[in-house]
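Step one of this worksheet: look at the structure below.
Below, each value reflects all heavy atoms present in this structure, side chains not excepted, and no hydrogens, waters or symmetry copies. Numbered from 1 within each chain, the chains take letters A, B, ... in sequence-line order.
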There are 2 protein chains.
Amino acid sequence: MKEQVSIKQIAEICGVSVATVSRVINDNGRFSEETRQKVLSAIKQTGYKPNKLAIGLRKNKSNIIGILVPDITNGFYSAVVKKCEQALSKNGYSSIVCNTDRSAEKEANYLQTLSEHMVDGIIIISTNPSDHYLNVNIPIVFIDRNPDIESKIVITSDHYYGALEATNYLIKTGFSPYIITTKTKAITTKERVRGFYDAIKQHKIDSTDRMLTLHSTSNEFLDKNTEALTFIKNISDKKIGIFTINDNVAYITLQTALKLGKKIPDDFSIIGFDDAPISKIATPQISSIHQNTDELAEKATQLLMEKLADPDNPMNVTKTIPTNLILRNTTLPS
Amino acid sequence: MKEQVSIKQIAEICGVSVATVSRVINDNGRFSEETRQKVLSAIKQTGYKPNKLAIGLRKNKSNIIGILVPDITNGFYSAVVKKCEQALSKNGYSSIVCNTDRSAEKEANYLQTLSEHMVDGIIIISTNPSDHYLNVNIPIVFIDRNPDIESKIVITSDHYYGALEATNYLIKTGFSPYIITTKTKAITTKERVRGFYDAIKQHKIDSTDRMLTLHSTSNEFLDKNTEALTFIKNISDKKIGIFTINDNVAYITLQTALKLGKKIPDDFSIIGFDDAPISKIATPQISSIHQNTDELAEKATQLLMEKLADPDNPMNVTKTIPTNLILRNTTLPS
DNA sequence: CTGAAAGCGCTAACAC
DNA sequence: GTGTTAGCGCTTTCAG
């Protein structure tokens, strides 16, 4: 075990004071070229590493960002987290990643822990409302959640417009539009549902009995889902077009339609949401609304960096990232 | 912005010394029930949070574990990371997750950063050899990498036996066995290849021309892969059984076989490795060797905890986690 | 250009 | 049962 060497020992080796060493390390203040060389070579020889705990304590800044994510195992979220982590790393920050499991309680606990670790900022990816973050006075940026507070930084995909576009496409290609969603309080879901109904309204289509809400809140796309089966069976339209709240539900819907012997995409069309990996892996490949995860992540990081650079700026900003429709094999060409 | 309150202020409020407050907080040493109450209520009122940076500096312990992972976006890795994070959290540790992108350079950088952050331990998930961790004197446990050092803690699936079992199954169900692998130096790959050839040897099957090594190192399972196409076309056996080095390659193989009009699983059988989500999503669902991610993660965490509890113990341990064959629809029943 | 010294928030002897 | 104090490794005035 190598001994951990401190700035003090570097100072001794070089015959200078710790202050001088510190100056050299941070290239801050003045020092002669000669001392610089001495210090630098001593650092190299000893393998000295600055102790970020001490620096953090002193500067009241940890250089760590906390990332709260519902489920790292979900393709959409992991893509966002990965990009955030990369972008933060480029800015000199490390990331503590926390799985909230969509639990408000876990979220609260993690917020507490992060705050104790003196993280400089937090990125919360979540669609569920919660107000635990009110106890914490650390810069936060929200991805996809729009909290009910005065001053906030929110990055979100254009869920409303994405749903509108998907539904319009279904209608335009000759299908009678339906929506399958899940039981949740997520604001993103609400926006998508709103987009669906607005599209219907624009086309003056009767809106009754067009929505199925799955009771399973599980992610498990392989759930035996009899709800979807019954729902689809009961639709009398010849050409059925289903907009699903996400790609996992699209996958369930696809499997159900296949089981019912539906002809896809001629008589049965599906458009999912998220453009998660599953939509490309399924057979046939599922058309979906693409969320630009890279831009979501980069914008979130960028805004957080701006906030950190100027913490007193209230910065009440909401940034909407456009979505776009990816046509695959569960839709007809336009 | 609430002011950050320190132990000193709690002490003032309660009219006691900081030492006493510290004792109460850590339930360590003696204090009267009365002071305990006073301190506790002051903490509650003020919303005091212990500063882990200061604690860490003092105790030389950060309560953070670093996790190095090749790609958080990969279903297998994200499952392991998630479980590690949960298990560590239960033990009072936070996790800094770092994507190495399979780059030795990035790995080295992250190792440096983690070490500066004074992490108490590191979990490295990686199959590629590298020796940057030699510069760091922090307890490390390796998942799937078996470094060439004296004293180490290694957790690994039984890649050899998994491959052996898969190949045997292919042979037993009447297929002529082949293997498709990727170009990599990963030890896990080597073990799997070894398992494949040993199974062949056991059955006295001629081993020439049974392996295709894909040159694409990319994860992108949708790569147009002409190599696989040519390879499969050139096989003259009536019943072809392919063991693939992982599920992404199994997916490519499946798509290729489908394109060639092969009858699956009657004339063409596939077994992948990892049991990643993709194997369940594909149509038909792909049989695969299941790696027990939960146990991998839990064992790794547990051994790391043991090491941290007793750092001077050299603990040269290698723990092999059994795999098992999951039969789905790319294999014949036995 | 450099050094001395204070102090970030906390814990752990040591004293009483 | 409680207070005093030193010090973890570092940055940052303030002197000189």
Tabulate atom names and distances for all N/O pairs under 3.5 angstrom spanning the protein and nucleotides 13-16 of chain C.
none

*What is the distance, rounded to the nearest whole Å, between atom CG of A:Leu53 and atom P of C:dC10?*
13 Å

*asked:* So, using salt bridge (Lys or Arg N to Asp or Glu O under 4.0 Å) as the criterion, who are the partners of B:Lys307 when residues are at least two apart?
replied: none

_For atom CD of B:Gln4 and atom C1' of C:dC10, their distance in whole Å_ = 13 Å

*Starting at atom CG of A:Asn51, determine the distance to atom P of D:dC8, rounded to an integer number of angstrom.*
12 Å

*Would you indicate, yes or no, if D:dG3 has its OP1 or OP2 atom less than 4.0 angstrom from a side-chain nitrogen or oxygen of B:Ser17?*
yes

_Let's see if you get this right: which residues in residues 25-42 of chain A place a heavy atom under 4.0 Å from DNA chain D?_
A:Asn26, A:Asn28

_Less than 3.5 Å apart, any donor N or O on the side chain of B:Gln37 or B:Glu33 sitting next to an acceptor on the other?_
yes

*Closest to the A:Lys59 side chain: C:dC10, D:dG3, D:dT12?*
D:dT12

*Grab the NZ-P distance between A:Lys8 and C:dA4 for me, whole Å please.*
12 Å

*Once you round it to whole Å, what is the distance between P of D:dC8 and CG of B:Asn60?*
11 Å

_Partner of B:Cys98 by side chain to side chain contact (heavy atoms under 4.5 Å, CB included), out of B:Leu114, B:Ile72, B:Asn109, B:Thr113_ = B:Leu114

*Determine the contact category for A:Leu57: base if any of its heavy atoms lies under 4.0 Å from a base atom, sugar-phosphate if only primed atoms, P, OP1 or OP2 are that close, otherwise nothing.*
base

_Does any part of the side chain of A:Lys190, heavy atoms only, come nearer than 4.5 Å to the side chain of A:Thr184, both counted from C-beta?_
no

_Without decimals, in angstroms, what is the distance between B:Lys61 NZ and C:dA12 C1'?_
16 Å

*Using a distance-only test with no angle check, is there a side-chain donor-acceptor pair under 3.5 angstrom linking A:Glu107 and A:Thr100?*
no

*Would you kindly give the CD-to-C1' distance between B:Glu12 and D:dG3, to the nearest whole Å?*
15 Å

_Residues forming a salt bridge (Lys or Arg N to Asp or Glu O under 4.0 Å) with A:Glu116, sequence neighbours excluded_ = B:Lys52

_Check this one for me: any side-chain N or O of A:Ser22 less than 4.0 Å away from OP1 or OP2 of D:dC10?_
no

*Could you list by number each residue of residues 113-121 of chain B showing a heavy-atom separation from DNA chain C of less than 4.0 Å, or answer none if no residue does?*
none

*Between atom CD1 in A:Ile7 and atom P in D:dG7, what is the gap in whole Å?*
18 Å

*Listed nucleotide nearest any side-chain atom of A:Val18, set C:dG9, D:dT2, C:dA5*: C:dA5

For residues 76-85 of chain B, tabulate all N or O donor-acceptor pairs below 3.5 Å that involve a side-chain atom, not counting sequence neighbours.
unit_1, atom_1, unit_2, atom_2, d
B:Ser78, OG, B:Asn74, O, 3.4
B:Ser78, OG, B:Gly75, O, 3.3
B:Lys82, NZ, A:Asp71, OD1, 3.1
B:Glu85, OE1, A:Tyr110, OH, 3.4
B:Glu85, OE2, A:Tyr110, OH, 2.7

*Ignoring hydrogens and angles, state whether a donor on the side chain of A:Thr127 or A:Arg145 is under 3.5 Å from an acceptor on the partner side chain.*
no

*Could you check if a side-chain atom of A:Ile155 sits within less than 4.5 angstrom of a side-chain atom of A:Leu303, using non-hydrogen atoms only?*
yes

*asked:* Measuring only between side-chain heavy atoms, which start at C-beta, is A:Ile122 closer than 4.5 Å to A:Pro139?
replied: no

*Can you find a side-chain donor-acceptor pair between A:His117 and B:Ser94 that sits under 3.5 Å?*
yes

*asked:* Could you check whether B:Asn316 and B:Ser151, counting side-chain N and O atoms only, form a donor-acceptor pair closer than 3.5 Å?
replied: no

